[in-house]
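See below for the structure under consideration.
Proteins get letters first, then strands, A, B, ... in listed order; numbering begins at 1 in each.
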Number of protein chains: 2
Amino acid sequence: MTRVLVVDDEPALLRAVGAALKARDYDVATAATGQAAIDAIALTPPDVVVLDLGLPDIDGIVVCRRVREWSDVPIVVLSAEGSEARKVQALDEGADDYVTKPFSTAELLARIRVALRHRKDTPSPDDEAVLRVGDVVVDQARHSVEVAGNKVELTPKEFAFLALLARWPGRVLTHRTILQEVWGPEYGSESQYLRVYASQLRKKLDDDPAAPRLITEPGVGYRLVDPAAEPAG
Amino acid sequence: MTRVLVVDDEPALLRAVGAALKARDYDVATAATGQAAIDAIALTPPDVVVLDLGLPDIDGIVVCRRVREWSDVPIVVLSAEGSEARKVQALDEGADDYVTKPFSTAELLARIRVALRHRKDTPSPDDEAVLRVGDVVVDQARHSVEVAGNKVELTPKEFAFLALLARWPGRVLTHRTILQEVWGPEYGSESQYLRVYASQLRKKLDDDPAAPRLITEPGVGYRLVDPAAEPAG
DNA sequence: TCAAATATTGACGCGATCTTGACGACAACT
DNA sequence: AGTTGTCGTCAAGATCGCGTCAATATTTGA
């Protein structure tokens, strides 16, 4: 769940903002002082911080600066002061937004959503989902398989079977595990399927019985040999 | 140099904001209408956009939404309207900040700095408005598509489907992913839609079964072939 | 409001894929 | 040697997913 840390010394405001956030299913933590806020952020980093500038111990802007030394957590500043200089200072010290009191709850929530959007992890293209086991290349993004440079056409179940083995190179996967991963959780004992598909895979992978890629572990399951791990084998 | 696009239909405001930005060594571009803004962002993507909501042609919030279809460029909204509902809507439609007129120049500049700070954090996803995959050209800003130089008319859903595939050239997008991106988060199992739209797209793209552009990955999803990535096919 | 464009849903044929049963090979154990 | 159980292989039938067309509902725009 999304964690929000609300920092303010007025219990009334904490209660109001906290309730609004909880109603939206956020996980809310609170702090009443600057030091408590810094400790809380360090101990259990929230996804976003709502920070009142008027704290009894440390100036809110200093809290911003201190936190920014080691954390990029989004900070939404609340303040009764509308002073332009103060706004500029807070924003330049690392605050991501500045809301002047009195503010509307709906607006604060919207600005919190914006802050969270910024921290949203990018669905980066760097998750190279290409598995290589020996001369077998399984590209999970393209759902394509190559063996020794030659493209191999696999059916959906064949692909799922091979990809599963390729994710655990050299490791034995039990009949039960394979069935549940490929066929679904309700399967587990239909090992005839495995024999059929292992056979088809060996055929399509052009597997040489003298130097097999797909190994049967009798009574247990199957594995894909990993030349990188056991060059002697 | 850092590029800022300022969008407003009041010359006075353009001049004032433009001057303040230029004095800080920003590279300033301007647009007076929503359409001009969208075109400018597509043509020469700025590092941040300052967008007035009160435009003569398209509503500023719609501009936000349109731009967000393909770009993550930070948008700082300006508005004379202080209405809470409008603020929330703009922020939820993709605006990163909302400044109510009259505003202080210093504050606007500080908020622009914040927006730029965010931009740096996200290295650079693909903010390309025009996608090219083989001989298919998808202009996300104009919602137009060309195949081998010929314009193709697509319905909104057809366009969204194709643009999604074009954003991930060569990659398989699962049925579920496509449904959620094109139809909405509440969809996920209506794969009949996909068959209908894939069929229509193939027809409109004049797809040759012998050299298909739109590939079905049985049991998984669809992908657009990327000749640049796999010339061997 | 009406007409056109678009989206949704149902029906159906086709082909690939999956499932199932049968059978022989092989090894371990009795 | 016989028995038993697992494995590999094959092939026939059942099933499922896909593409396609068309009818209906809904939305959009004038």
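In the set C:dT19, D:dG8, C:dT8, the nucleotide with an atom closest to the side chain of A:R202 is D:dG8. For B:S199, whose side chain is taken as the heavy atoms from C-beta onward, the closest listed nucleotide among C:dT17, D:dG19, D:dG8 is D:dG19.
Between A:K203 and D:dC10 there is a side-chain polar atom (N or O) within less than 4.0 angstrom of OP1 or OP2. In this structure, B:W183 does not reach the C:dA7 phosphate: none of its side-chain N or O atoms is under 4.0 Å from OP1 or OP2. The side chain of A:H175 contributes an N or O atom lying less than 4.0 Å from OP1 or OP2 of D:dC7. Contact check, B:T155 against C:dA7: a side-chain N or O comes under 4.0 Å of OP1 or OP2. Distances shown here put every side-chain N or O of B:R195 at or beyond 4.0 Å from the OP1 or OP2 atom of D:dT20. OP1 or OP2 of D:dG19 has at least one side-chain nitrogen or oxygen of B:T216 nearer than 4.0 Å.
Atom NZ of A:K157 and atom P of C:dA16 are 17 Å apart (whole Å). Atom P of nucleotide D:dT20 and atom CG of B:D207 are separated by 10 Å, given to the nearest angstrom. When the P atom of C:dT6 is taken as reference, atom CD of B:Q200 falls 10 Å away, rounded to whole Å. Protein atom CD1 of A:I178 is 14 Å distant from nucleotide atom C1' of D:dC7, rounded to whole Å. C:dT8 atom C1' lies 8 Å from atom OH of B:Y197, rounded to whole Å. Between B:I215 atom CD1 and D:dG19 atom C1' the separation is 15 Å, expressed in whole Å. Rounded to a whole Å, the CG atom of A:L201 is 13 Å from the P atom of C:dT17. Distance OH (A:Y222) to C1' (D:dC7): 7 Å, rounded to an integer number of Å.
Using modelled atom types, one side-chain atom of A:R202 and one backbone atom of A:L214 make a donor-acceptor pair closer than 3.5 Å. In terms of modelled atom types and a separation under 3.5 Å, the side chain of A:R213 and the main chain of A:D206 share a donor-acceptor contact. At distances below 3.5 Å, not a single donor-acceptor pair connects side-chain atoms of A:S191 with backbone N or O atoms of A:L194.
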In residues 154-163 of chain B, what donor-acceptor pairs under 3.5 Å come from side-chain atoms, sequence neighbours left out?
| unit_1 | atom_1 | unit_2 | atom_2 | d |
| --- | --- | --- | --- | --- |
| B:T155 | OG1 | B:E158 | N | 3.3 |
| B:E158 | OE1 | B:T155 | N | 2.9 |
| B:E158 | OE1 | B:K204 | NZ | 2.9 |

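B:R3 and B:T44 form a side-chain donor-acceptor contact under 3.5 Å, judged by distance and modelled atom types alone. Between the side chains of B:E146 and B:N150, no donor N or O sits under 3.5 Å from an acceptor N or O. Looking only at atom types and distance, the side chain of B:H118 has a donor-acceptor partner in the side chain of A:D96 under 3.5 Å away.
Between A:D47 and A:V73, every side-chain heavy-atom pair lies at or beyond the 4.5 Å cut-off.
Taking the six-membered ring where the residue is Trp, the centroids of A:W183 and A:Y197 are separated by under 6.0 Å.
Place A:Y187 and B:P156 on DNA chain C by their nearest nucleotides, and B:P156 ends up nearer the 5' end.
For the pair A:E107 and B:R86, the salt-bridge criterion is not met [side-chain N within less than 4.0 Å of a carboxylate O].
Comparing the axis of the opening five pairs of the helix from C:dT1-D:dA30 to C:dT30-D:dA1 with that of the closing five pairs yields an angle of 40°, rounded to 10°.
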I need a per-nucleotide contact map over nucleotides 20-30 of chain C, read 5' to 3'. Cutoff is protein heavy atoms under 4.0 Å; write B for the base, S for backbone only, - otherwise. BBB--------
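Here A:F159 lies out of heavy-atom contact (under 4.0 Å) with every strand.
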